[in-house]
Amino acid sequence: MSKLLVTGQVISGQSGEPPAILQLAFRPFFLFGALFSVVSIALWAGSIAGYSNLNVYGGPLWWHVHEMLFGFVSAIVVGFLLTAVRTWTGQPGFGGLLLGCLVALWLAGRCVFFLSVDLPVWVIVLVDLLFLPLAALILAIPVVRVKQWRNIIFVPLLLIMAITNAAMHWAAIESSASGLIRTGNTMVLLVTVLMTIMAGRVVPMFTASGTGTKQVPAHAMLEKLALMTLLLAVVASFRFQGVPAILVALCFVTAGLVHGIRAFRWRIWVSFRTPLVWSLHLSYWCIVLGLILYGISEVSSAVTRPQAIHTLTVGAMGTMILSMISRVSLGHTGRALQVGWVMSGAFALILSAFVVRVFGSLWIDNYVDQIVVAAFFWVLGYGCFTVFYAAMLIGPRVDGKPG
């Protein structure tokens, strides 16, 4: 007879363990999140090209923006944090039946948008909104239990993301295009903050271990300045009344330059023979570029806001997520931290998707063709991960250890 533990583990049968895919949060969320990105991007591109009619809650554009941020990205973020917290705190990992329920809630959130004709709006909104607050609560429990306040920052960040999600739903209900843009941009910047925090912890370490070189020590003042300037840029992005565009631009360009100094210190040039490392570095340089482009877009028509946003999403998020989930999946299933030509090619495909999506208008005259080509590269890149990593995410660790 099964028993539910306070840690969320399920004891059943003689093995005393849940199925492998429910032993740690990275397994289902990385697999389903990557697969969902493939499906959603394919549906979006098909809709743009006129091959399909995407009849969803909020409309095709709202659905695309929301689902890439609160469907795909949120799944990966939650999978990573609920796995990493075990290492941070030394507490038992979150898994089993409770993990299965959290995954089911996330999946339900993806499905309800296709049932807008059959379900009341409040049901759709409620199902989707529950995921991030519950994930924040689950993350907070072990952190508070061991009083590890250094990592508590991720809890309010998830809650702010949940509030942003609610604001995006309000924009859908009100059919507000400006609300969609504003809330979408806010979520992009919040995820950017999260990426810079995590990158500061792992990029220097992964660079040293992956290349056999000495780890670059953190510069305390630069680390504080990087976070402060980025947070200031996030606040400036709200364009409070009376704040001139040039000041907003200055905040973003300054943040970009500071993060550029940070990225330069991490020495990308030592990583060129290690795909799991150079992909991380290039994703961070996309953050640098995205922040600077965002600033320029405030004061010049030479750069559009979508170009800046897609530099941060396709370039930074797309590449960093693919690199991180590839590495974490290998390490947490007991495998060597090495990838072959397939995943190296997948990293290149996502970077190609970024280049086409952001700069493709320079050589592709038709906007629809630009979207379709970028989507094709994305689908191939994340399709590679889904196909080649599915077995290791579903199966037990190769070294026989739990997790």
Side-chain angles (χ1 to χ4, degrees), residues 26 30 73 76-81 83-85 87-88 150-151 153-154 157 188-231 233-234 255-292 311-332 335-339 343-344 346-348 350-351 354 381 385:
F26 79 94
F30 286 6
V73 173
I76 303 300
V77 167
V78 168
F80 178 82
L81 291 177
T83 300
V85 73
T87 302
W88 298 339
R150 176 173 179 259
N151 291 312
I153 185 174
F154 298 108
L157 194 54
V188 169
L189 294 175
L190 289 173
V191 176
T192 301
V193 172
L194 177 62
M195 288 192 297
T196 59
I197 294 173
M198 295 309 307
R201 298 186 180 191
V202 303
V203 173
M205 178 176 61
F206 288 174
T207 301
S209 61
T211 64
T213 57
K214 186 178 179 180
Q215 181 171 334
V216 176
H219 189 288
M221 182 60 69
L222 179 60
E223 295 299 301
K224 292 178 182 177
L225 189 61
L227 181 59
M228 290 173 57
T229 55
L230 182 54
L231 291 177
V234 173
L257 293 176
V258 170
H259 282 272
I261 296 171
R262 191 189 195 205
F264 183 80
R265 291 188 71 246
W266 292 340
R267 303 173 306 160
I268 186 176
W269 54 87
V270 305
S271 69
F272 291 147
R273 294 186 178 183
T274 313
L276 283 174
V277 181
W278 61 249
S279 54
L280 274 180
H281 279 270
L282 288 178
S283 71
Y284 202 87
W285 277 105
C286 284
I287 294 177
V288 175
L289 178 61
L291 293 173
I292 293 174
T311 300
L312 293 172
T313 53
V314 183
M317 293 181 203
T319 309
M320 184 175 291
I321 285 174
L322 187 59
S323 179
M324 286 296 293
I325 64 178
S326 298
R327 183 186 181 95
V328 170
S329 297
L330 291 171
H332 280 279
R335 291 169 169 83
L337 299 177
Q338 297 177 348
V339 295
M343 287 310 299
S344 299
F347 299 148
I350 299 304
L351 288 167
F354 147 65
F385 175 86

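Along the sequence shown, the residues carry numbers beginning at 1. Just so you know, these numbers come straight off a predicted model, no measurement behind them.
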Could you check whether any side-chain heavy atom of Thr192 comes within less than 4.5 Å of a side-chain heavy atom of Ile287, counting everything from C-beta outward? yes
Between CE on residue Met228 and CD on residue Glu223, distance to nearest 0.5 Å: 13.0 Å
The ring-ring contact (aromatic ring centres under 6.0 Å, His included) partners of Trp285 (sequence neighbours excluded) come to none
Pairs satisfying side chain to side chain donor-acceptor pair (under 3.5 Å), at least one member in residues 212-222, at least two apart: Thr211-Thr213, Thr213-Arg267
Can you check whether Leu322 reaches Met343 side chain to side chain, under 4.5 Å on heavy atoms? yes
Heavy atoms, side chains only, cut-off 4.5 Å: are Tyr284 and Thr196 in contact? yes
If you round to the nearest 0.5 Å, how far is CD of Gln338 from OG1 of Thr274? 9.0 Å
Side chain to side chain contact (heavy atoms under 4.5 Å, CB included), paired with Met324, selected from Phe26, Phe206, Phe30: Phe206
Main-chain N/O of Ser326 paired to Ser329 side chain as donor or acceptor, under 3.5 Å: no
Do the non-hydrogen side-chain atoms of Ile197 and Phe154 ever get within less than 4.5 Å of each other? yes
Taken to the nearest 0.5 Å, the spacing of Ile268 CD1 from Leu282 CG works out to 4.0 Å
Taken to the nearest 0.5 Å, the spacing of Leu225 CG from Leu227 CG works out to 9.5 Å
Is there a side-chain contact between Leu291 and Leu230 (heavy atoms, below 4.5 Å)? yes
Has the side chain of His259 got a donor or acceptor atom that lies under 3.5 Å from a matching backbone atom of Ala226? yes
Does the side chain of Val339 come within less than 4.5 Å of Phe347's, by heavy atoms? yes
Indicate yes or no for a side-chain donor-acceptor contact from Thr311 to the backbone of Cys286 under 3.5 Å, with no hydrogens or angles considered. no
Side chains of Ile325 and Phe385: does their closest heavy-atom pair fall under 4.5 Å? yes
Measuring from atom OG1 of Thr87 to atom NE2 of His332, what distance do you get when rounded to the nearest 0.5 angstrom? 5.0 Å
I'd like to know if the side chain of Ser323 and the backbone of Thr319 have a donor-acceptor N/O pair within less than 3.5 Å. no
Close side-chain approach of Leu289 to Phe354, heavy-atom, < 4.5 Å: yes
Which of parallel (below 30°), tilted (30 to 60°) and perpendicular (above 60°) describes Trp266 and His281? perpendicular
Ile153 atom CD1, over 12 foreign heavy atoms within 6.0 Å: no
